[in-house]
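Note that the structure is a prediction, hence the values are computed from the model and not measured. In this chain, numbering begins with 1 at the start of the sequence shown.
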Amino acid sequence: MGHFDWSTLYGLYSLTGSFISLLIVIYLFHRRSFHGAKQLMFAMSAVSVWSFAYSFEFLSRSLEAKLWWVKIEYLGGAFVGVLFLIFILFIINKEKWLTKTRVVFFLIIPCIIPFVALTNGIHHLMWSAAWLDKSGPAPVVAYQRGMGFWFFVIFTYAFLVAGTGILFRAYLHAARFHRRQILIVLVGVLVPLLSNAFYLFGISPLQHLDLTSFAFTVTGIVIALGLFRFRLLEIVPIARDMVFEGIRDAVIVLDLQDRVLDLNEAARNIVPGNPSTVIRREAREVFPEWFPSAVRIRELKKTHADISIRNNGNVRDYDLSVSPLLDKKKHQIGSLIMLRDITDRKLAEKERQRFQEKLQRAEKMEAVGTLAGGVAHDLNNILMAIVGYPDVLLMQLPEESPLRKPILAIKDSGNKAATIVQDLLTLARRGVSTMEVTNLNRIVTQYLQSPEYEKLQSFHPDIELETRLEKDLLNIMGSPVHLTTTVMNLVSNGFEAMPGGGRVSISTKNIYVDRPVQEYEDLEEGDYVVLSISDNGLGISPEDLKRIFEPFYTKKVMGRSGTGLGMAVAWGTVKDHQGHIDVESKEGEGTTFTLYFPATRSVSTQNEVPLSIEEYSGNGESILVVDDMDSQREIASVLLTQLGYSVDTSASGEEAVEMMQNAEFDLVVLDMIMDPGIDGLDTYKQILALHPGQKAIIASGFSETDRVKAALALGVGQYVKKPYTLQRIGMAVRQELAKSR
C-alpha cells in the first residue's frame with residue numbers, strides 16, 4: 001500500500017475554503033448596497049487570499065517554495081483582524097466611530113506587515129530560522145519566531161477580540177428571533193480565532209500545523225449559511241436592539257410583498273397574539289384592523305393618518321405613516337411603517353381646546369357685560385320716573401278712580417323692568433355692591449320656604465325635591481340677595497327641565513383644595529363651599545351647553561317663562577363672588593350645576609350657635625398643630641387660641657418629632673398628608689416612641705383613608721375633616737382632652 005499524500009489533502013481543503021470565501025465575495029459584490037455588505041466583502045477577500053496562499057504552502061514540496069507562499073499569506077492575514085472589526089462596527093450602527101483618520105490609522109500596520117514578511121531574509125523580524133517538520137502526517141514549516149511576528153499577532157488579536165466582545169454583548173441584548181444572525185457572525189469570527197490561539201500556544205493536535213486556514217473554511221460555510229438561509233444583512237443590522245429596539249414609536253419593516261421582515265419592541269406590543277410568529281407573514285394577516293389604512297395611505301401617496309388600535313381591551317390613538325424603503329440606488333426594496341402613540345397628545349389637545357372655549361366664553365361674557373352695564377345705567381335713569389311717579393299719582397287719586405288700574409300696571413311694569421336692570425347689572429359684574437358673611441345652607445333653606453318656591457312647586461306637583469346640606473357648612477362672603485336669585489334660577493331651570501315629573505337635588509359641602517383642580521387652572525388653594533343643583537330631566541344638547549351662559553340665549557318662550565338672563569346672571573354672580581361654576585349634562589339623563597365659593601372663617605352675626613362657646617373652650621392647655629401649609633397652621637392657631645389654648649405650630653412631621661424630644665404637649669393636631677416629608681401616621685408613630693399615650697387628633701382635607709384608620713387604631717382620638725368650623729375643632733379638642741390617658 002502506497003503512502004497517503006496528506007499535503008495534497010490539506011492543500012485541497014484549504015483551497016476549498018478559499019473558493020467558498022471567493023463565492024461569498026462575488027455574492028456580496030452584487031448586493032453591496034446592503035448595510036455592511038461591502039465591509040464583509042473586504043474581510044472575506046482577505047480570508048480568501050490567506051486560504052489560497054496557505055493551500056499552495058501545503059502543495060509545495062521544498063522549504064523555499066513553502067516560505068514564499070507563507071509570505072503571500074500575510075497579504076491576506078494581515079488585514080483580517082482590522083477588516084472584521086470594521087465590518088462589526090458598521091453593522092451595529094457604530095460606523096460614526098470609523099472616521100477616515102481612524103480607518104487610515106488602522107490600515108497602516110496591515111499594509112506594512114506584508115512588506116516586512118517579504119523582506120524577512122534581510123532583517124529576520126518575522127522568523128530568524130525555518131525548517132521542515134516531517135514528524136506529522138505532512139511536512140510543515142516550523143519557525144524560530146521573531147519579534148515582528150509577535151507584534152503582528154498582538155495587533156490582529158486585539159482587533160479580533162474587540163470585535164468578538166462587541167458581538168457577544170449584542171447577542172445578549174438581542175431579540176430572540178434575531179439572535180441566530182448574531183450567532184452566525186460570532187461563530188464565523190470565534191472559530192478561526194480559537195484555532196489560531198491553539199496553534200500559537202502549542203496545543204494544536206498536530207504540532208506546527210496552523211489550523212487557522214481550515215477554520216476559515218468553517219467561517220466561509222457559516223457565513224454562506226447566514227447569507228442564504230437566514231438572510232444575513234437583508235433584514236436589519238445586528239445592532240437593531242441598540243437602535244431599532246430603542247425607538248419608542250412602533251416600527252414595522254415590510255418587503256415588496258408586504259410581508260413582515262422585522263418589528264421593534266413597541267410594534268410587538270400591538271401585535272395580536274404571539275409576536276414571535278409574525279416574521280415573513282403578510283402584514284394584512286398580522287394587522288387586519290389597521291393595515292388597510294396603511295395601504296390607502298401608500299396608494300394615495302399621503303404621509304400620515306390618525307388611526308385607533310384596540311389592544312388588551314384598551315383603545316389608543318396612533319399617527320400612522322408609511323414610507324418607501326430604498327437601497328442606495330434609490331430602488332424600493334420594501335416599506336417602513338411607523339406608528340406614533342398620540343393618545344396623550346390628543347387628550348391634551350382636547351383639554352386645551354376645552355380651556356380655550358372657556359376662555360373665549362369668559363371674554364365674550366365680559367364684553368357683553370360691559371355693554372349690559374352701560375345699558376342698565378341709562379335704563380335706571382329712565383326708570384326712576386316710571387317707578388317713582390306712579391306712587392305720587394296713586395296717593396292723589398281716589399280709590400274709585402278708573403286711572404288707578406292703568407297706573408298700577410305702569411308701576412308693576414316698572415318694577416319688572418327694574419328687576420331686569422338688576423339682572424343686567426349682575427351680568428355686568430356691577431350688581432354686588434356689598435358683601436357680608438352668609439351661609440349657603442341658610443340661603444337654600446330660606447328660598448325653599450319662600451312664596452316664590454311655593455309658586456314654582458304648585459306649577460310642578462310631580463317633581464320631588466331632595467336636599468343634602470352638610471352640617472357645619474362653612475360661611476362665605478357674599479350677597480344673600482344675589483345668591484338667592486342664583487339658587488332660584490337654577491332650581492327653576494331644573495323644574496322646567498322635567499315636564500313629566502322627576503327629582504331635583506340640592507346639596508352643599510365643604511372641600512379643601514391643596515393642589516390644582518383639573519377643571520379650574522386658577523382655582524387657588526384653600527377652603528371652598530360647594531353648591532350642587534341637579535335634575536334628572538331632559539338634559540342639554542352639546543351645542544346648547546356651549547352657549548348656556550350667554551345672555552338672552554334660551555329655549556324658553558321669551559317673556560313667558562324667562563328673560564333669557566337666568567344663566568348669565570348665575571354666571572355673573574358666581575364670578576362676583578370669586579367663585580367658579582361648572583355644568584355637566586347628558587341628553588335624556590339630566591343636568592348638574594356645581595358652584596364653588598371661597599370659604600371664610602369669619603362668623604356671621606346672624607349665625608345660630610347651637611352650643612355656647614364656653615362648652616368647647618379650653619383652659620390654657622398646650623396644643624401642637626402640625627401642618628405643612630402655612631395658611632392652615634395660621635387658621636388652626638387663631639381658632640384654638642381664641643378658644644383659650646396655648647398653641648405652638650410645626651411645618652412638618654420631622655420638625656414636630658424634633659420639638660417633642662425636649663417638650664411635652666397636652667394634645668397634638670396632625671395633618672395627615674404632608675408632602676414631601678412623613679405623613680401624620682408616621683409622625684404619630686415616632687411621637688409615641690417619645691411619649692407613649694400621647695393624645696392626638698387627625699385633620700385632613702381628604703376622605704377617611706386606610707392611613708387615617710391606622711392612626712385611629714394606634715390611639716389617635718378623632719378624625720376631623722377639613723375645612724373645620726370653630727365649633728367642630730373646639731368640640732374635637734375638648735372631647736379628646738377630657739379622656740383619661
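Here the closest heavy-atom approach between residue E57 and residue K66 is recorded as O-NZ, 2.7 Å. Scanning all heavy atoms of the two residues, the minimum distance from E655 to S652 falls at N-OG, 3.1 Å. Here the closest heavy-atom approach between residue Q39 and residue I86 is recorded as CG-CG2, 4.0 Å. Residues D317 and T343 share a closest heavy-atom pair of N-OG1, 2.8 Å. For the pair A656 and S650, the tightest heavy-atom approach, listed with the atom from each and the gap, is N-OG, 3.1 Å. Annotation for V80 and A46: closest pair CG2-CB, 3.9 Å, computed over non-hydrogen atoms.
Here R284 pairs with F291, P292, V295 under the side-chain contact (heavy atoms from CB on, under 4.5 Å) rule; sequence neighbours left out. Contacts of R102 classified as salt bridge (Lys or Arg N to Asp or Glu O under 4.0 Å), with partners at least two apart in sequence or in another chain: none.
For the atom pair CZ of F19 and CD1 of I24, the computed distance is 11.0 Å after rounding to the nearest 0.5 Å. Remark: Q686 CD to E658 CD distance equals 11.5 Å, nearest 0.5 Å. L681 contributes atom CG, which lies 12.0 Å from atom CD1 of I673 (distance to the nearest 0.5 angstrom). Residue Y27 holds its OH atom at 11.0 Å from CG of L40, rounded to the nearest 0.5 Å. Atom CG of D249 sits about 8.5 Å away from atom CG of D319, to the nearest 0.5 Å. Rounding to the nearest 0.5 Å places CZ of F29 at 10.5 Å from NZ of K38.
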Residues E282, D258; criterion side chain to side chain contact (heavy atoms under 4.5 Å, CB included); working and verdict: CA-CA 6 Å; E282 291 188 5; D258 285 341; 5.9 Å; no

Worked check of side chain to side chain contact (heavy atoms under 4.5 Å, CB included) between V153 and R145: CA-CA 11 Å; V153 169; R145 301 293 189 184; over 6 Å; no

Stepwise side chain to side chain contact (heavy atoms under 4.5 Å, CB included) test for F79 and L75: CA-CA 7 Å; F79 292 90; L75 290 174; 5.9 Å; no

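Counting heavy atoms from C-beta outward, L336 and V322 have side chains that stay 4.5 Å or more apart. Residues F159 and L83 are not in side-chain contact: their nearest non-hydrogen atoms beyond the backbone lie 4.5 Å or more apart. Annotation: side chain of I72 is not in contact with side chain of F56 (no heavy-atom distance under 4.5 Å). In this structure the side chain of I678 never reaches within 4.5 angstrom of the side chain of K685, judged on heavy atoms.
In terms of modelled atom types and a separation under 3.5 Å, the side chain of S45 and the main chain of M41 share a donor-acceptor contact. Using modelled atom types, no side-chain atom of Q332 and backbone atom of L256 make a donor-acceptor pair closer than 3.5 Å. Formation of a donor-acceptor pair under 3.5 Å by the S128 side chain with backbone atoms of Q144 is found in this model. A donor-acceptor contact shorter than 3.5 Å links the side chain of D679 to the backbone of D682.
Taking a 6.0 Å sphere around CZ of R259, one finds it holds more than 12 heavy atoms contributed by other residues, nucleotides or ligands. Other residues, nucleotides and ligands contribute more than 12 heavy atoms inside 6.0 Å of the CZ atom of F155. More than 12 heavy-atom neighbours from other residues, nucleotides or ligands sit within 6.0 angstrom of CH2 on W69.
A side chain to side chain contact (heavy atoms under 4.5 Å, CB included) with T101 is found for one member of V103, V104, T99, L98 and no other, namely T99. Partner of V260 under the side chain to side chain contact (heavy atoms under 4.5 Å, CB included) criterion, out of I337, V253, D255, L254: L254 alone.
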Please tabulate, for side-chain N and O atoms in residues 109-122, each donor-acceptor pair with protein atoms closer than 3.5 Å (sequence neighbours left out).
residue : atom : partner : partner atom : Å
T119    : OG1  : F115    : O            : 2.8
T119    : OG1  : V116    : O            : 3.4
T119    : OG1  : H123    : NE2          : 2.8
N120    : OD1  : L125    : N            : 3.3
N120    : OD1  : M126    : N            : 2.7
N120    : OD1  : W127    : N            : 3.1
N120    : ND2  : W127    : O            : 2.9

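Checked against the 6.0 Å centroid criterion, the rings of F149 and Y143 do not qualify as a close aromatic pair.
Using a 30° and 60° split on the angle between ring planes, F87 and F84 fall in the perpendicular class, above 60°.
Residues D306 and K346 are paired through a salt bridge, judged by an N-O separation under 4.0 Å between the basic side chain and the carboxylate.
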